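To keep things clear, I will list the structure first and then write my remarks on it.
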There are 2 protein chains.
Amino acid sequence: MTRWSIGDLAKASGLTVRTLHHYDEIGLVVASERTPSGHRRYTPDDVRRLYQVRSLRQLGLSLEEVRSALSRSDSLRPLFEAQLAALTTRARQVEALRARLTALLDGHTTESLLSTLEMMSVHESYFTGGQLSEMRSRAAALGPEAVEELKASWLGLVQQLRAHMADGTPASDPRVVDLAARWDALGARFTGGDPAIQAAARRSWEENKASISGQIGWPADDGLVEYVTQARAARG
Amino acid sequence: MTRWSIGDLAKASGLTVRTLHHYDEIGLVVASERTPSGHRRYTPDDVRRLYQVRSLRQLGLSLEEVRSALSRSDSLRPLFEAQLAALTTRARQVEALRARLTALLDGHTTESLLSTLEMMSVHESYFTGGQLSEMRSRAAALGPEAVEELKASWLGLVQQLRAHMADGTPASDPRVVDLAARWDALGARFTGGDPAIQAAARRSWEENKASISGQIGWPADDGLVEYVTQARAARG
DNA sequence: CGTAGGACCTTCCGTGGCGGGAGGTTCAAG
DNA sequence: CTTGAACCTCCCGCCACGGAAGGTCCTACG
C-alpha cells in the first residue's frame, strides 16, 4: 500500500477531504498520480509534502507563505522571524483588549456600559483604566440625564473637530477656535470645574499616550488633543 | 449643519466610505434620510449609533454580535463575558505559538528547521522545548542521511497507525501490533537504544500532555500513544 | 458474478468584513 | 455655467475552506 487514497490520507492527517481538494486546486499539495478513472493517488512524497504544509500552517503561516517557504527553504528563517514579530504584535493587541474588557466589566452596571464605550470610542484611548472609574463616579453624581446630554454634546464636538482636522482646516480658523472653546467648557462641566482635576487629566494624557500607543498597536493619539491645544493658543 | 454627508462622517469617524456603505447595506447603521437625488444624510442619532458600533467593534465583537448587543442592551454583560473568555483562549493560543516559534528559531540551522517541523507535525505536540534541543543534538550525531531515512519511516508509521485508529481497527489486530513493534524499534534507534532515555521521554509525555493541551487550545493527545501502548500489550 | 452502498469525482454557492473598480449622476466652488 | 470632487449602485475579489448537488466508481458481501 504505497499509494494513499484521499479519504485514508484525510483520516491519517486529521485534515478533511475538502481541504485536500483545496490544496490540490491551488497546487499546494497535488496528488502525483490518478487512477484511470480520476481518483487521486497520493505518493509517499506527496504525503511528506502534506505534512510539511501542515506543520507550517500550525505555526500560523498563510497558504501563500507556506508555498513560498517550501519553494525556497532558505527563506524559512526570515519568514519565521517575521511571523514571530507579527505574533508578538498580535499578542499585545489581544492582551490590551482583554485589559479593557476586564476594566469595563469590573464594577460597571449594565446600563452604563454602552455610554462609557461611546465616550471611549469618541476619544479613542484617552481614558486609562483609572480614569474609567473616575468617570463612573462622576457620572453617578451628575445623574443620568445630564450624562446623556453631555455625551451627545461631546460626541458632536469631537466629531466636528475630527472632520476639520481631516480636512486640513488650520487650528486658527475661527470655527475651530470656537469648537475648542466649547470643548473646554464641556470639560469644565465634566470635571466639576476643578482646575486641578483638569490639569491632572492633561498630565495623565501626556504621560500615558506613548505607552498606550505601544500597547494597543495603533496610534492612540490622532493629534486631536494637539489640534485643540493649538486652537486654544490661537484664541489667546 | 445637523446632517452629515457620508464623506464627512467617514473623515470624522476614521472609517472608510466603503465601510459605511457596508453598514448601511446590512442594516447596521442606516442613514435615516436621503437627499432627493439619493445621497445619504446621517442624523445625529445615526452618528451616535455609528459610534456605538465602532466602540463595540473595537472590543473585538463581530458585526452580528454588535447588532444583537444594540438591540437588547441587557445582553451586553454576558456578551462581554463571553468575549473575554474567547479573548483569553485566543491569548493563550497566540502565546503558545510564539513559544514554539521562539524555541524553533533559537539555535536551529536553517536546513534542519523543516525536518524538525515535520516531526513535530506528525507527532503533534509530543515534543516540548527541552526535547527539541535533545532531538537536535541527536540528529547531529546521526548525520543528515540517517535522519532523513528515520523521518520518512516515522512519518509512514504514524500515518498508518492513525489511519487504523480512525478506522476503529482494534489495537490487537496483527497489523497494528506489527506497526507498534516497528514504532518501538524506530524509537530505539532514535534514542540511541538507551532505555533510560526512552523511559524519560514517556514520562515527559505523560506529565506534559495535560498542560500542553491546555496551552495550545486543542487536544495534544489524540490517543495515538495509548493505541500503541495497547498494541504493545497485545504482543506481550 | 451481481449489486448495494460507500467513496470519490467536479462544480458551485456561501462565509466575514470589507477593498476597490466601473460607469454613471449630483453637488458646490469659482 | 462649468468643472472636478463627491456621491450613487452594482459587481468581483480576498482567504481557507464548508457543504451540497449530481453524477461516477470501487469494493465487500451474498
Side-chain angles (χ1 to χ4, degrees), chain A residues 1 3-42 46 50 53-70 83 86 90 93 163 166-169, chain B residues 1 3-42 46 50 53-70 83 86 90 163 166-169 218:
Chain A
M1 207 226 272
R3 305 295 121 130
W4 288 75
S5 75
I6 197 170
D8 289 344
L9 186 54
K11 276 177 206 154
S13 67
L15 303 174
T16 69
V17 170
R18 182 63 184 86
T19 297
L20 295 180
H21 277 166
H22 184 57
Y23 290 174
D24 194 340
E25 270 176 36
I26 66 174
L28 186 57
V29 179
V30 180
S32 305
E33 302 177 4
R34 296 270 187 147
T35 68
S37 61
H39 287 195
R40 272 163 263 252
R41 302 277 96 176
Y42 288 89
D46 298 339
L50 178 63
V53 167
R54 207 184 69 149
S55 62
L56 290 171
R57 284 247 65 200
Q58 281 177 352
L59 294 177
L61 301 187
S62 72
L63 292 187
E64 264 324 301
E65 287 169 331
V66 167
R67 189 202 303 278
S68 79
L70 290 182
Q83 180 67 9
R90 197 69 198 113
Q93 287 175 355
D167 265 348
T169 312
Chain B
M1 206 228 271
R3 305 296 122 132
W4 288 76
S5 75
I6 196 169
D8 288 343
L9 187 53
K11 275 179 207 150
S13 67
L15 303 174
T16 70
V17 171
R18 183 62 185 89
T19 297
L20 296 179
H21 277 165
H22 184 58
Y23 290 174
D24 195 340
E25 270 175 35
I26 65 175
L28 186 57
V29 180
V30 180
S32 304
E33 301 178 3
R34 297 269 187 149
T35 67
S37 60
H39 288 196
R40 272 164 262 252
R41 302 277 95 177
Y42 288 89
D46 298 339
L50 178 63
V53 167
R54 205 184 71 149
S55 62
L56 290 171
R57 284 248 64 200
Q58 280 175 353
L59 293 178
L61 301 188
S62 72
L63 293 185
E64 263 324 300
E65 287 169 331
V66 168
R67 190 203 302 276
S68 79
L70 290 182
Q83 180 67 9
R90 193 80 193 105
D167 265 347
T169 312
W218 28 271

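In this text, all values refer to a predicted model and were calculated from it rather than measured experimentally. Sequence lines set the chain letters: A, B, ... in the order given, protein chains first and strands last, and positions in each chain run from 1.
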[N] [atom2] sits how many Å from [X] [atom1], rounded?
| X | N | atom1 | atom2 | result |
| --- | --- | --- | --- | --- |
| B/R34 | D/dT9 | CZ | P | 5 Å |
| B/H22 | C/dG20 | NE2 | P | 15 Å |
| B/R41 | C/dC27 | CZ | P | 9 Å |
| A/R40 | D/dC25 | CZ | P | 15 Å |
| B/L61 | C/dG17 | CG | P | 10 Å |
| A/L9 | C/dC8 | CG | C1' | 14 Å |
| B/H39 | D/dA5 | NE2 | C1' | 11 Å |
| A/Q58 | D/dA16 | CD | C1' | 16 Å |

Think [X] has a side-chain N or O under 4.0 angstrom from the OP1 or OP2 of [N]?
| X | N | value |
| --- | --- | --- |
| A/S5 | C/dA7 | no |
| A/S37 | C/dC8 | no |
| A/T19 | D/dG18 | yes |
| A/Y23 | D/dC17 | yes |
| B/R57 | C/dC18 | yes |
| B/T16 | C/dG19 | yes |

Taking all atoms of both residues into account, what is the closest heavy-atom pair of B/L9 and B/W4, and its distance?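 Closest heavy-atom pair between B/L9 and B/W4: N-CE3, 4.1 Å.
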Nearest heavy-atom neighbours spanning A/T16 and A/A10: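 Answer, listing the atom of A/T16 first, then A/A10: C-CB, 4.1 Å.
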Under the criterion salt bridge (Lys or Arg N to Asp or Glu O under 4.0 Å), which of B/R3, B/R41, B/R40 is the partner of B/E33?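 By the salt bridge (Lys or Arg N to Asp or Glu O under 4.0 Å) criterion, B/E33 pairs with just one of B/R3, B/R41, B/R40: B/R3.
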Indicate, with a heavy-atom threshold strictly under 4.0 Å, whether A/I26 touches base, sugar-phosphate, or nothing.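 Nothing: the residue A/I26, judged by heavy atoms under 4.0 Å, touches no strand.
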Pairwise 5' ranking along DNA chain D for B/I6 and B/R18, keeping only the more 5' one: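 Upstream on the strand: B/I6.
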The side chain of B/H21 lies closest to which of these nucleotides: D/dC8, C/dC18, C/dC9?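 Nearest to the side-chain atoms of B/H21, counting from C-beta on, is D/dC8.
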Between the side chain of B/R67 and the main-chain N/O of B/I26, is any donor-acceptor distance below 3.5 Å?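 Yes; judged by distance alone, with no hydrogens or angles, the pair exists.
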Could you point out which residue of A/L20, A/D24, A/L70, A/V53 forms a side-chain contact (heavy atoms from CB on, under 4.5 Å) with A/V29?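 The residue from A/L20, A/D24, A/L70, A/V53 that satisfies side-chain contact (heavy atoms from CB on, under 4.5 Å) with A/V29 turns out to be A/V53.
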